[in-house]
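Here is the structure we will look at, set down as structure tokens.
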There are 2 protein chains.
Amino acid sequence: MEISIKQEATCEQELVAIRDSLEILGGKWKLRIMRYLNNHIDEKNTFKKIQREVEGISAKMLSKELRELEINLLVTRTVMDTRPITVNYAMTEYGLSVFPVTETLVEWGLNHREKIK
Amino acid sequence: MEISIKQEATCEQELVAIRDSLEILGGKWKLRIMRYLNNHIDEKNTFKKIQREVEGISAKMLSKELRELEINLLVTRTVMDTRPITVNYAMTEYGLSVFPVTETLVEWGLNHREKIK
DNA sequence: GTAACCAGTAACCATTAGTTAACCGATAAC
DNA sequence: GTTATCGGTTAACTAATGGTTACTGGTTAC
């Protein structure tokens with residue numbers, strides 16, 4: 001009885017945790033952007049470069065998603081003094097903590113593709 | 001050069017894999033439902049019970065999400081011969097493969113809550 | 001006989017998410 | 001002087017998500 005109450009409480013907390021995660025990482029693009037940045041961590045990642053490589057995203061969405069990631073301290077934005085001006089986006093230390101999430105999604109997606117064919 | 005081409009191709013595949021995953025598991029509710037079912041794998045999980053425990057979901061959404069999960073072979077639906085009739089939802093073997101995804105999200109969400117307070 | 005439970009569905013509406021296309025100013029290349 | 005690049009913004013739109021209320025039909029408990 002005590003065990004099952006504890007189990008219920010734990011499950012409830014887990015579901016809240018998933019909700020919290022999805023509030024910040026959910027949607028069509030954020031995890032793809034994070035994965036891209038993770039895979040190009042030592043490079044300059046400009047707005048245009050990200051847009052080219054995260055296939056299908058529009059400037060409007062990219063701009064919005066990057067702003068939200070920045071607000072949540074997962075990404076930094078740096079205006080570079082080049083001609084023409086470029087803006088560099090980079091993962092923060094904290095942003096690196098998202099890696100396991102994208103990793104499991106990559107693995108599940110690859111496996112799923114195998115399965116359905 | 002060859003290495004960077006390979007890296008690019010790999011990254012591209014990874015981003016496609018994430019897109020595929022989110023197509024099936026994305027949205028506000030599916031991963032929460034999957035986690036709930038995972039945590040109650042030996043029990044009868046009726047529609048009403050799931051609705052009570054996945055906090056905030058409406059009958060309409062739960063019905064829609066369960067249908068989609070069923071289509072993708074992650075969940076089974078069984079009408080039980082009880083009075084009144086109940087319907088039991090259960091994870092499939094394949095559904096179990098989603099566990100690592102929910103697990104990383106749970107961990108990230110718990111850690112994030114710690115961090116922002 | 002009336003109220004409640006179960007597993008939904010239908011209709012209607014509001015909000016959010018996401019797309020498309022045009023446009024901005026600054027600068028550089030031709 | 002025209003065109004292109006960069007990092008966006010703006011407006012107008014459609015699609016998806018989600019909420020609310022009411023309803024079904026069969027059954028049981030009071």
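Each chain gets a letter, A, B and so on, in the order the sequences are listed, and its residues count up from 1.
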Exercise. For a side chain to side chain contact (heavy atoms under 4.5 Å, CB included) with B:Trp29, tell me which candidate from B:Met61, B:Met34, B:Lys64 qualifies.
Key: B:Met61
Quiz item: With a non-hydrogen cut-off below 4.0 angstrom, is A:Thr46 in contact with a base, only sugar-phosphate, or nothing?
Solution: sugar-phosphate
Quiz prompt | Length of the line joining B:Arg19:CZ and C:dG18:P, which is rounded to integer Å | solution = 15 Å
Exercise. Starting at atom CZ of A:Arg52, determine the distance to atom C1' of D:dC6, rounded to an integer number of angstrom.
Key: 10 Å
Exercise. Look at A:Glu65 together with A:Lys30 and state whether they make a salt bridge at an N to O cut-off of under 4.0 Å.
Key: yes
Quiz item: Between B:Gly27 and A:Lys48, which has a closest nucleotide on DNA chain D that is more 5'?
Solution: A:Lys48
Quiz item: Starting at CD1 of A:Ile57 and ending at P of D:dG7, how long is that distance when rounded to a whole Å?
Solution: 14 Å
Quiz item: Over how many whole Å does the gap from B:Met61 atom CE to C:dG8 atom P extend?
Solution: 15 Å
Exercise. Please round to 10 degrees the angle between the axis of the first five pairs and the axis of the last five pairs in the helix from C:dG1-D:dC30 to C:dC30-D:dG1.
Key: 10°
Practice problem: Ignoring the backbone of B:Pro84, work out which of C:dT19, C:dC6, D:dG7 is nearest its side chain. | Solution: C:dC6
Exercise. Can you figure out which of C:dT19, C:dG8, D:dG8 approaches the side chain of B:Phe47 most closely?
Key: C:dG8
Quiz item: Cluster question for you: counting only ILVMFWY and a side-chain heavy-atom cut-off of under 4.5 Å, with indirect links fine, are A:Ile24 and A:Tyr36 together?
Solution: yes
Self-check item: Distance-only side-chain donor-acceptor flag, B:Thr104 / A:Thr104, under 3.5 Å
Solution: yes
Quiz item: How close or far is atom P of C:dA7 from atom NZ of B:Lys44, stated in whole angstroms?
Solution: 13 Å
Quiz item: Would you say a side-chain N or O of A:Trp29 is under 4.0 Å from OP1 or OP2 of C:dT19?
Solution: yes
Self-check item: A:Glu14 bridged to B:Arg35 by N-O distance under 4.0 Å
Solution: yes
Quiz item: Roughly how many Å is it from CD in B:Glu23 to P in D:dA16, rounded to a whole number?
Solution: 11 Å
Exercise. Considering just the side-chain nitrogens and oxygens of B:Ser63, establish if one lies under 4.0 Å of OP1 or OP2 belonging to C:dA7.
Key: no
Practice problem: Measure from the side-chain heavy atoms of A:Lys60 and tell me the nearest of D:dG8, C:dT20, D:dC6. | Solution: C:dT20
Quiz item: Considering only side-chain heavy atoms of A:Lys64, which listed nucleotide, C:dG18, C:dT20, C:dC5, is closest?
Solution: C:dG18
Quiz item: So, A:Tyr89 and A:His40: side-chain donor and acceptor under 3.5 Å apart, yes or no?
Solution: no
Quiz item: Does the pair A:Lys49/A:Glu43 count as a salt bridge with the N-to-O cut at 4.0 Å?
Solution: yes
Quiz item: Within this structure, what is the CD-to-P distance between A:Glu70 and D:dG7, rounded to whole angstrom?
Solution: 15 Å
Practice problem: Salt-bridge test for B:Glu55 and B:Arg32: reply yes if a basic N is under 4.0 Å from a carboxylate O, no otherwise. | Solution: no
Quiz item: Quick one: is C:dG8 close enough that its OP1 or OP2 comes under 4.0 Å of any side-chain N or O from B:Arg77?
Solution: yes
Quiz item: Given D:dG8, C:dT9, C:dT19, which nucleotide is nearest the side-chain atoms of B:Arg67?
Solution: C:dT9
Quiz item: Want to settle it: does A:Arg83 or A:Gly56 sit nearer the 5' end of DNA chain C, counting the closest nucleotide to each?
Solution: A:Gly56
Quiz item: Taking atom C1' of D:dG7 as reference, at what distance in whole Å does atom NZ of A:Lys49 sit?
Solution: 16 Å
Quiz item: Looking for any heavy atom pair under 4.0 Å, which part of the strands does A:Ser58 touch: base, sugar-phosphate only, or nothing?
Solution: base
